[in-house]
Student: 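Got a structure here, written out as structure tokens. Questions coming.
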There are 2 protein chains.
Amino acid sequence: MVTIKDIAKLAGVTPSTVSRVLNHAGGYNDKTKTKIEQIAASLHYQKNEAASNLVAKTSNLIGVIITDSKSSFASPIIDSVEDTAYAHDIRILLAHCGLNDPKRLRFCLDLMAGQKVSGIISVAVQFDDDNLNYLESINIPLISLNVTVPHHPSIEIDDVQAAHDATTFLINRHYRKIALVAVDHSDPQTGIKRITGYKKALAEAHISLDPDLIVKGDFSFEAGVKAAKHLLSGDDWPDAIFAASDDAAAGVLSYAYTHHIKVPGKLAVLGFDDSHVAQIVTPALTTVKQPFSEMGRLAVQKIMAHDLAENVTVPYEILTRDSV
Amino acid sequence: MVTIKDIAKLAGVTPSTVSRVLNHAGGYNDKTKTKIEQIAASLHYQKNEAASNLVAKTSNLIGVIITDSKSSFASPIIDSVEDTAYAHDIRILLAHCGLNDPKRLRFCLDLMAGQKVSGIISVAVQFDDDNLNYLESINIPLISLNVTVPHHPSIEIDDVQAAHDATTFLINRHYRKIALVAVDHSDPQTGIKRITGYKKALAEAHISLDPDLIVKGDFSFEAGVKAAKHLLSGDDWPDAIFAASDDAAAGVLSYAYTHHIKVPGKLAVLGFDDSHVAQIVTPALTTVKQPFSEMGRLAVQKIMAHDLAENVTVPYEILTRDSV
DNA sequence: TAGGTTTACTCAAACGTTTGAGCTAATTTC
DNA sequence: GAAATTAGCTCAAACGTTTGAGTAAACCTA
């Protein structure tokens with residue numbers, strides 16, 4: 001393993017000088033500079049980050065905590081985080097905290113603390129009180145995507161408004177019996193907010209609320225199938241289904257397909273997220289697009305700029321494809 | 001920032017003892033042990049990994065290099081790598097190397113070398129000669145998933161055999177005019193191998209090869225759409241399409257849907273990978289399942305066990321759903 | 001009870017880098 | 001031409017941990 005000492009010896013200087021050259025710190029003349037750089041290159045010198053981090057007390061590492069990669073929106077976020085980080089010469093430490101697994105989340109935080117990451121980006125991670133306290137105690141800036149974490153900045157769309165606009169979008173297209181599907185009542189964030197927006201839009205249009213048209217679920221494909229089965233088994237069908245995720249919307253499409261229900265002819269389906277599946281499914285999903293790439297990029301930039309004062313609301317957009 | 005020195009002072013011992021206790025190294029009595037552990041807990045002590053890594057000369061970090069997360073199989077692999085790593089108290093350093101971007105791949109390797117990762121798992125990454133040489137020079141074990149990297153172990157399915165079996169699977173179901181779609185001729189690995197297997201199966205069944213039935217592409221949804229358009233525009237249709245990826249198969253389904261071609265009635269579609277989209281698409285894809293989770297798990301285990309002698313061929317499986 | 005062994009520690013060096021302070025010789029300033 | 005400044009280096013400490021070698025006391029053993 002080649003160190004700056006080796007380079008120093010060959011160049012006839014001390015390690016200090018080598019360090020200053022390699023870090024472009026100034027205080028050397030051009031001749032020694034080129035000499036040192038040549039030697040370093042020829043020896044395939046690689047800085048030992050551990051040593052460097054030890055004295056710097058930080059790590060140019062950003063921690064990314066996600067629940068798992070199954071949630072279809074993790075990928076685009078990670079992609080943009082990685083790309084942005086790459087451009088800034090920052091590395092990504094990835095950790096999964098599972099779903100509602102406080103012990104594992106705690107492990108993730110420990111890991112981040114141990115590595116002295118300069119910031120944490122959490123994606124759709126719900127913090128329990130214990131971990132929230134612990135997070136304060138380790139004193140690492142955190143920025144949360146998709147959900148709010150108390151006392152920490154977040155980057156999200158306005159879920160209430162988005163659900164409202166999406167519902168209104170359907171109403172404007174003359175759908176009246178609109179179901180909301182695969183939302184999680186127990187989710188204080190996304191779930192409740194989207195239900196609120198949905199109700200608000202109906203009220204504004206003077207459409208009476210039918211509680212049976214709100215079907216619980218967990219954002220998954222299966223939840224979509226189940227909800228569709230429930231809604232489309234009698235003969236009092238809704239004319240539009242607004243799903244809380246694209247996966248769930250795909251589930252609705254799947255059920256409709258197997259039961260020969262024409263989409264969008266007999267039934268309109270509206271998704272949420274604009275994840276990979278939205279374009280792949282047939283008919284392609286009209287959906288509420290979340291700007292995942294933008295969110296990932298912003299998160300990295302904010303951490304690097306130590307700009308963690310306030311929450312950011314990013315714009316959503318209703319993307320028209322073929323399912324409405 | 002609390003260090004072992006702080007703990008040592010409070011416990012009335014030296015840092016050495018604290019270190020040994022915290023690492024369960026033996027050589028202390030139970031009383032000091034519990035005392036030290038209590039103090040550590042109450043101070044929220046977090047080991048400084050940088051310092052630890054510096055003396056250990058490694059990092060209990062595993063590097064994962066992927067091209068990007070868009071390729072639908074990256075997610076399940078990363079998931080299982082993360083889970084396995086979590087169980088072994090290992091962390092994941094994630095890096096994207098882009099597609100055929102030697103400079104960025106080089107950056108990734110530098111990064112891994114600098115962090116002194118104990119091993120690299122590369123997912124579907126093709127190494128150019130320069131980077132291959134560089135990899136040798138930094139002397140970090142690498143295990144490659146999905147493609148072979150010269151002089152390094154890989155974990156893959158037998159692509160030739162898989163394509164052969166999949167084609168035979170179609171032949172046995174009385175399909176005769178079978179197209180192979182979205183394969184990359186220029187890809188010396190996956191592309192060529194799958195073409196080889198396909199041809200072999202046709203030859204064995206004494207079906208003459210029609211070169212027009214092999215349609216180039218890049219495994220993407222769009223490639224699938226394009227191929228379908230090309231194949232299904234005249235009137236001499238194939239009766240089955242074997243796509244080189246589930247995304248491409250979804251593209252075929254999409255084209256078929258919009259042009260009212262019944263699948264599997266008029267046309268059978270066979271996918272490859274069994275990625276997330278395979279189950280979500282309608283009709284659900286019959287596909288060649290790659291054991292991604294298993295592959296990720298194996299990769300981590302092999303790196304940890306320093307068992308990098310030979311290539312591993314993992315079993316694939318033809319998963320029957322509704323598209324054939 | 002003398003000898004040896006074990007237990008429970010301490011000491012100090014080491015890992016590779018960074019960085020403020022110090023030093024010398026060359027250059028500038030008035 | 002003496003004094004002040006600057007360029008280009010060196011010195012040595014520091015970061016927090018680990019670990020082999022050393023040591024003193026306690027415990028065996030015959």
Side-chain angles (χ1 to χ4, degrees), chain A residues 1-37 39-40 43-61 89 91 110-111 113-118 138-139, chain B residues 1-37 39-40 43-61 89 91 110-111 113-118 138-139:
Chain A
M1 185 187 306
V2 20
T3 73
I4 51 172
K5 287 184 189 174
D6 302 322
I7 300 175
K9 213 166 279 174
L10 285 175
V13 295
T14 59
S16 325
T17 306
V18 177
S19 172
R20 285 186 230 270
V21 168
L22 263 26
N23 291 311
H24 311 103
Y28 42 80
N29 80 20
D30 270 359
K31 251 168 133 177
T32 39
K33 179 190 148 153
T34 49
K35 190 173 181 182
I36 285 173
E37 281 173 345
I39 297 176
L43 293 184
H44 295 299
Y45 168 74
Q46 253 319 129
K47 165 163 43 172
N48 184 320
E49 299 283 348
S52 180
N53 293 342
L54 180 56
V55 7
K57 288 170 186 290
T58 93
S59 67
N60 56 53
L61 227 54
D89 218 341
R91 298 98 169 81
D110 272 342
L111 184 166
Q115 297 283 347
K116 306 264 176 288
V117 299
S118 35
I138 58 178
N139 201 33
Chain B
M1 186 187 304
V2 21
T3 74
I4 51 172
K5 287 184 189 173
D6 302 322
I7 300 175
K9 212 165 280 174
L10 285 175
V13 296
T14 60
S16 325
T17 306
V18 177
S19 172
R20 286 187 230 270
V21 168
L22 263 25
N23 292 311
H24 310 105
Y28 42 79
N29 80 18
D30 270 0
K31 250 167 135 179
T32 39
K33 180 189 147 152
T34 49
K35 191 173 182 183
I36 286 173
E37 282 174 344
I39 296 176
L43 293 184
H44 294 301
Y45 168 74
Q46 254 318 128
K47 161 157 57 167
N48 184 320
E49 299 283 347
S52 178
N53 294 342
L54 180 56
V55 8
K57 286 169 188 291
T58 94
S59 67
N60 56 52
L61 227 52
D89 218 341
R91 297 97 169 80
D110 272 343
L111 184 167
Q115 297 283 346
K116 307 265 177 285
V117 299
S118 34
I138 58 178
N139 200 33

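Basis for what follows: all heavy atoms, side chains included, without hydrogens, waters or symmetry-related copies. In the text below, chain A, chain B and the rest are named by the order of the sequence lines, each starting its count at 1.
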Student: Scan residues 43-53 of chain B against DNA chain D and write down, sorted by residue number, each residue with any heavy atom closer than 4.0 Å; if none is found, say none.
Tutor: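 Result for residues 43-53 of chain B: Y45(B), K47(B), N48(B), A51(B), S52(B), sorted by number.
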Student: Which residues pass the side chain to side chain contact (heavy atoms under 4.5 Å, CB included) test with E49(A), not counting sequence neighbours?
Tutor: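 K47(A), N53(A), N60(A), R91(A), Q115(B).
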Student: Give one of base, sugar-phosphate or nothing for T17(A), where a contact means two heavy atoms less than 4.0 Å apart.
Tutor: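 If one applies the 4.0 Å heavy-atom cut-off, T17(A) turns out to touch a base.
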Student: So, using side chain to side chain contact (heavy atoms under 4.5 Å, CB included) as the criterion, who are the partners of N139(B) when residues are at least two apart?
Tutor: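 Testing N139(B) for side chain to side chain contact (heavy atoms under 4.5 Å, CB included), a comparison that skips the adjacent residues, returns none.
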Student: Kindly say whether T32(A) contributes a backbone atom to a donor-acceptor pair with the side chain of N29(A) at under 3.5 angstrom?
Tutor: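 Yes, because the side chain of N29(A) sits within donor-acceptor range (under 3.5 Å) of the backbone of T32(A).
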Student: Using a 4.0 Å cut-off on heavy atoms, which residues in residues 18-36 of chain B reach DNA chain D? List them by number, or say none.
Tutor: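 Per residue number, the list reads S19(B), R20(B), N23(B).
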Student: For DNA chain D, which nucleotides open and close the run of contacts to chain A, 5' to 3', at under 4.0 angstrom from a non-hydrogen atom?
Tutor: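 On DNA chain D, the outermost contacted nucleotides are dG8(D) to dG16(D).
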Student: Please work out if K5(A) contacts a base, only the sugar-phosphate, or nothing of the nucleic acid, heavy-atom cut-off 4.0 Å.
Tutor: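 Base, at least one base heavy atom under 4.0 Å.
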Student: So what is the end-to-end bend of the helix from dG4(C)-dC27(D) to dC30(C)-dG1(D), with 5 pairs used at each end and the value given to 10 degrees?
Tutor: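 Its terminal axes enclose an angle near 40°.
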Student: Using the side chain to side chain contact (heavy atoms under 4.5 Å, CB included) criterion, which residues pair with K9(A)? Sequence neighbours excluded.
Tutor: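 Checked K9(A) against side chain to side chain contact (heavy atoms under 4.5 Å, CB included); zero matches.
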Student: Between V13(B) and L54(B), which has a closest nucleotide on DNA chain C that is more 5'?
Tutor: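 Here V13(B) is the residue nearer the 5' end.
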Student: Please test H44(B) against I138(A) for side-chain contact (heavy atoms from CB on, under 4.5 Å), starting from the C-alpha separation and ending with a verdict.
Tutor: CA-CA 8 Å; H44(B) 294 301; I138(A) 58 178; over 6 Å; no
Student: If the condition is side-chain hydrogen bond (donor to acceptor under 3.5 Å, both in side chains), which residues does S118(A) pass it with, not counting sequence neighbours?
Tutor: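 For S118(A) there are no side-chain hydrogen bond (donor to acceptor under 3.5 Å, both in side chains) partners, ignoring immediate neighbours.
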Student: Taking all non-hydrogen atoms of both residues into account, name the closest pair between V117(A) and S59(A) and its distance.
Tutor: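 Minimum heavy-atom separation between V117(A) and S59(A): CA-OG, 3.5 Å.
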Student: What's the separation between atom OG1 in T17(A) and atom NZ in K33(A), rounded to the nearest 0.5 Å?
Tutor: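 One finds 14.0 Å between OG1 of T17(A) and NZ of K33(A).
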Student: Classify S16(A) by what it touches in the nucleic acid, base, sugar-phosphate, or nothing, heavy-atom distance under 4.0 Å.
Tutor: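 Base contact - S16(A) has a heavy atom under 4.0 Å of at least one base atom.
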Student: Under the salt bridge (Lys or Arg N to Asp or Glu O under 4.0 Å) rule, collect the residues that match up with D30(B), sequence neighbours excluded.
Tutor: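 Once residues adjacent in sequence are excluded, D30(B) has no partner under the salt bridge (Lys or Arg N to Asp or Glu O under 4.0 Å) criterion.
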Student: Reading DNA chain C from 5' onward, which residue's closest nucleotide shows up sooner: T3(A) or P15(B)?
Tutor: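 Nearest-nucleotide comparison on DNA chain C picks P15(B).
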Student: Under the side chain to side chain contact (heavy atoms under 4.5 Å, CB included) rule, collect the residues that match up with I39(A), sequence neighbours excluded.
Tutor: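 Testing I39(A) for side chain to side chain contact (heavy atoms under 4.5 Å, CB included), a comparison that skips the adjacent residues, returns I7(A), L10(A), A11(A), K35(A), L43(A).
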Student: Can you list the steps and then say if V13(A) with Y28(A) is a side-chain contact (heavy atoms from CB on, under 4.5 Å)?
Tutor: CA-CA 11 Å; V13(A) 295; Y28(A) 42 80; over 6 Å; no
Student: Please name all residues satisfying salt bridge (Lys or Arg N to Asp or Glu O under 4.0 Å) with D6(A), sequence neighbours left out, ordered by chain then number.
Tutor: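 Salt bridge (Lys or Arg N to Asp or Glu O under 4.0 Å) list for D6(A), sorted by chain: empty.
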Student: S52(B): what forms a side-chain hydrogen bond (donor to acceptor under 3.5 Å, both in side chains) with it, not counting sequence neighbours?
Tutor: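 If we apply the side-chain hydrogen bond (donor to acceptor under 3.5 Å, both in side chains) test to S52(B), skipping adjacent residues, there are no hits.
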